[in-house]
Amino acid sequence: MTGPAVPFREIVLKVHSRCDLACDHCYVYEHADQSWRTRPKTVSDHVIAKTAQRLAEHAKTHALPSVSVILHGGEPLLAGPRRLRRVCEEFGSALAGTAELDLRIHTNGLQLSPRYLDLFDEFGVKVGISLDGDRAANDRHRRFADGRSSHPLVLKAVELLRQDRYRHLNLGLLCTVDIENDPHAVLDALVALEPPLIDFLLPHATWDEPPPRPDGSPTAYAEWLLAVFDRWQETGGQIPVRLFSSVLSTLSGGPSLTESLGLAPTDLVVVETDGQLEQVDSLKSAYEGAAATGFDVFSHTFDDVAAHPGVRARQLGLAGVSETCRRCPVVRSCGGGLYTHRYRSGSDFDNPSVYCADLEALVRGIEARTSAGRVSPALTQRNELVAEQHDLTRTLLAALHESLDGRGGARWEEAWGIAGEIEESVTGAAGLDRVLAHPYTRTWLLDVLEGLHSERPEAVGQALRLPAYVAAAAVRSGLDLAVPADYRDGRLFLPTLGEVRIAGPGEAGRVRVRAAEDGFLVTGEDGTERRIVPGGVDGADWLPVRYFAPGGAPLFALDDLDPYRDCFQAPAAPRLSSTEANTWAEAVGDAWGLLERAAPGQAADASESLTTLTPLVAGRGAGRPHGYGTLGVVMTDDRQELAVRLVRGLRRARLRALLDVTDLYAMDGAWEYRLPWERNVKVPFSGLLADTHDRVGLSFLVPGFLEGVAEALDTMEGAAEPTVGGMRLLKSLREEVRGAHGASGMNILPNAVDQETVR
């Protein structure tokens, strides 16, 4: 095993080793490990103090901002208020000034009273209560030794915790699944108690001692949980259910939210009442001594435990699951199941979960029920990607304002205030949107934010380009506002409009920009005024951003001025002459005509997103992020090759834009795949998706580019990485492939570009 051990952020402290119930499904008393019989009933002062010291040392060593201590048993309330107070005081004192302490207790609730809750309120101890549903469900397992029901006393405890003075201590309810119980009745009973969270737990089982399946169904537990899920959705799902939230999170590319699912490494250690350090308690279900480490708090540190082979095995993530699980498409969501549930004599834990079929059916069932509602509109509605990209730029601007935290001074605040005035009017908001939607506005924002994060000295100065963006918005809106703006090196660039030459090279100063009837006025600090008419031709004091709509192409800006345009893989070309610009526009118009004939659908999509073209020259460029709607293109006299470059650029821009606003895959790089068109090359999922996405688009123009695409789509659809959104994208690529095949090759350009040239 390689790599550093994961530090523990959570410890379970056994404060009492006995229980006042006789639950027949309890892993502590009813399963393989019976070590509780030889341990002290109550944790001693010495164990409490030493454990607190060890945890404080561990938190300091690893600079942990917070740690959790879960008081457990047996039944922890049997330790009594005085003993629990001692625990709270010792841990609070030991961790003061080192890490924030999160204290919790998991209880069956039978002993809970105001005396305990007042103590917990004093120390901020959160309370989780075990309850298996309505009375019939709870009494199936959770009874006293003499057979009496525990249900009334548990309800009394829950109601006490729901009182206003204790409600803030409520962690929620833990329910162990029993498929003999009515799933709807169980959920309804739990929801009626209005807990902040419901946690469903599969009963502990192994391949040696499998879970009961009365009807023999290999997916009986999934069917039960999906019935609960359906009921949960029907009733609005207002109370979170951790199991469901975790599956939904992983399906969308997020993390697992529970130890029982997902691939997050374990960060928990158990301290028994005698000070023995053990692995997670559920291992007691596997075999006698499965949780043991041979360590104790008196002679060993938590780092010693973290380096234990058994603990390290549970910190390996994907590498720690069986080969069967690594090949399974749902492994990101199920994580191979709870580690304990993988145990089988002879192969130990190198197996799928004994609930494997259930977990796959559960993930697939939740995915089928929710995928339509969780796919980003950017994947299904043509205009939504543009809208979501614009929202992202506005979010970045707000983040920049917050990150500056006053460092921009009066100039930033003045521009920010004027931007607010502009946005208050309908025409002003449209003008501001136009400037913010300019692709290189995103480049500026990200560059400044990265500079502030890296504490680059020039970052605040870069942020003070905001007045120029606000001035451009005021001009576009036609609003009668005088906007102060700074010029640098004798020039003021107004995004989407052009560059005003105000003074000589190296000079800096301030001007005021005001919209006028036929353009705008620029007034210097000495009162000198010049009138600028947007558009037009290059002059001594004005270089416009030029706009073209050649042939059937959309109106686009030929932006060879923006100071942030040098963000492509090839360098940005210098300012074009008027003749060069017209040649560019004519060439793009011709190439666009070819594209419309060969791939009208792609041309229509691009017409709604393409706003800006920037000429590039051959070479290696900066490769920085930019907003959606721009392409950087190296000119070629070959119109068919230019059409191919446009398609490739449009495809890559769209995929990058989608990845900006939605997760298409997760755990990229955990697996590698051979490219069907280059068998000796293996790439991560992101590389296979990007190549396939390109080839589907180019297949309309280049013969043979569909070869291998179907195989690539099959591979990706059977892979673990794609999210619900990623699967929706793969479906749309299949639809495109069918369109290309349906045209029987008639959509290929008359003198098609050679595949090697395209590569």
Side-chain angles (χ1 to χ4, degrees), residues 408-409 411-412 414-415 418-419 431 434-436 438-445 447-448 451 457-476 481-516 519-547 557-567 571-578 580-581 612-617 622 624 626 630 632:
R411 293 190 177 186
W412 175 274
E414 180 181 46
I418 296 173
R434 175 74 180 276
V435 174
L436 292 179
H438 187 56
Y440 306 131
T441 301
R442 175 83 59 83
T443 310
W444 164 67
L445 286 167
D447 192 53
V448 177
E458 69 275 15
V460 173
Q462 289 175 301
L464 290 175
R465 289 184 179 272
L466 176 67
Y469 289 87
V470 175
V475 170
R476 285 201 163 277
L481 291 171
V483 183
D486 301 293
Y487 63 86
R488 309 169 189 217
D489 199 27
R491 297 171 293 172
L492 170 64
F493 179 74
L494 299 174
T496 75
L497 294 174
E499 179 181 282
V500 186
R501 300 289 178 90
I502 296 169
E507 296 187 51
R510 298 202 92 193
V511 294
R512 290 186 176 272
V513 179
R514 181 187 293 272
F520 60 95
L521 302 174
V522 179
T523 305
E525 292 174 302
D526 61 358
T528 303
E529 188 174 272
R530 70 187 74 195
R531 181 178 295 273
I532 304 293
V533 178
V537 298
D538 292 1
D541 58 359
W542 173 241
L543 297 177
V545 173
R546 292 169 290 212
Y547 288 83
L558 188 67
D559 198 334
D560 51 7
L561 282 174
D562 196 296
Y564 286 91
R565 75 188 187 281
D566 195 10
C567 55
R575 175 70 170 180
L576 303 180
S577 68
S578 295
E580 290 171 329
T612 309
L613 274 175
T614 288
L616 306 179
V617 294
R624 295 183 294 168
H626 53 73
T630 187

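In this structure, the separation between CG on D560 and CZ on R546 is 5.0 Å, given to the nearest 0.5 Å. Note that the CG atom of L464 and the CZ atom of R488 stand 6.5 Å from one another [nearest 0.5 Å]. Taken to the nearest 0.5 Å, the CZ atom of R465 stands 9.5 Å off from the CG atom of L492. Distance check, rounded to the nearest 0.5 Å: OG1 of T441 to NE2 of H626 gives 13.0 Å. Residue I532 holds its CD1 atom at 11.0 Å from CD of E499, rounded to the nearest 0.5 Å.
Minimum heavy-atom separation, P563 to F493: CD-CD2, 3.5 Å. Heavy atoms only, all atoms of each residue included: A482 and I418 are closest at O-CD1, 4.3 Å. Residues P467 and A485 approach most closely at CB-CA, 3.9 Å, considering heavy atoms. Looking at every heavy atom in both residues, A471 comes nearest to L494 through CB-CD2, 3.9 Å. Contact record, P439 with T612: CD-OG1, 3.6 Å, taken as the closest heavy-atom pair. Contact detail for V533 and W542: the closest heavy-atom pair is O-NE1, 3.4 Å.
Ion pairing between R531 and E529 fails under the 4.0 Å rule for side-chain N and carboxylate O. Comment: D566 does not engage R624 in a salt bridge, judged by the lack of any side-chain N to carboxylate O separation of less than 4.0 angstrom.
Pairs engaging residues 533-543 under the salt bridge (charged side-chain N to carboxylate O under 4.0 Å, His left out) rule: R530-D541, D538-R575 [sequence neighbours left out].
Using a 4.5 Å heavy-atom cutoff, the side chains of R512 and L521 are not in contact. Contact of the H438 side chain with the T630 side chain is not registered, since no non-hydrogen atoms from C-beta on lie closer than 4.5 Å. When side chains are defined from C-beta on, V483 does not count as touching F520, because their heavy atoms never get closer than 4.5 Å. The side-chain heavy atoms of Y487 and V500, taken from C-beta on, include no pair separated by under 4.5 Å. Inter-residue side-chain proximity for P534 and R476 is flagged as unmet; no heavy-atom pair is nearer than 4.5 Å.
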List the steps and the verdict of side-chain hydrogen bond (donor to acceptor under 3.5 Å, both in side chains) for R434 and T496. CA-CA 8 Å; R434 175 74 180 276; T496 75; 5.6 Å; no
Pair L445, Y564 - check side-chain contact (heavy atoms from CB on, under 4.5 Å), show working. CA-CA 10 Å; L445 286 167; Y564 286 91; over 6 Å; no
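Taking T614 as the reference, Y440 meet the side chain to side chain donor-acceptor pair (under 3.5 Å) condition, with sequence neighbours excluded. With sequence neighbours left out, the side chain to side chain donor-acceptor pair (under 3.5 Å) criterion links E458 to R456.
Judged by distance alone, with hydrogens and angles left aside, the side-chain atoms of D489 form a donor-acceptor pair with the main-chain N or O of G506 at under 3.5 Å.
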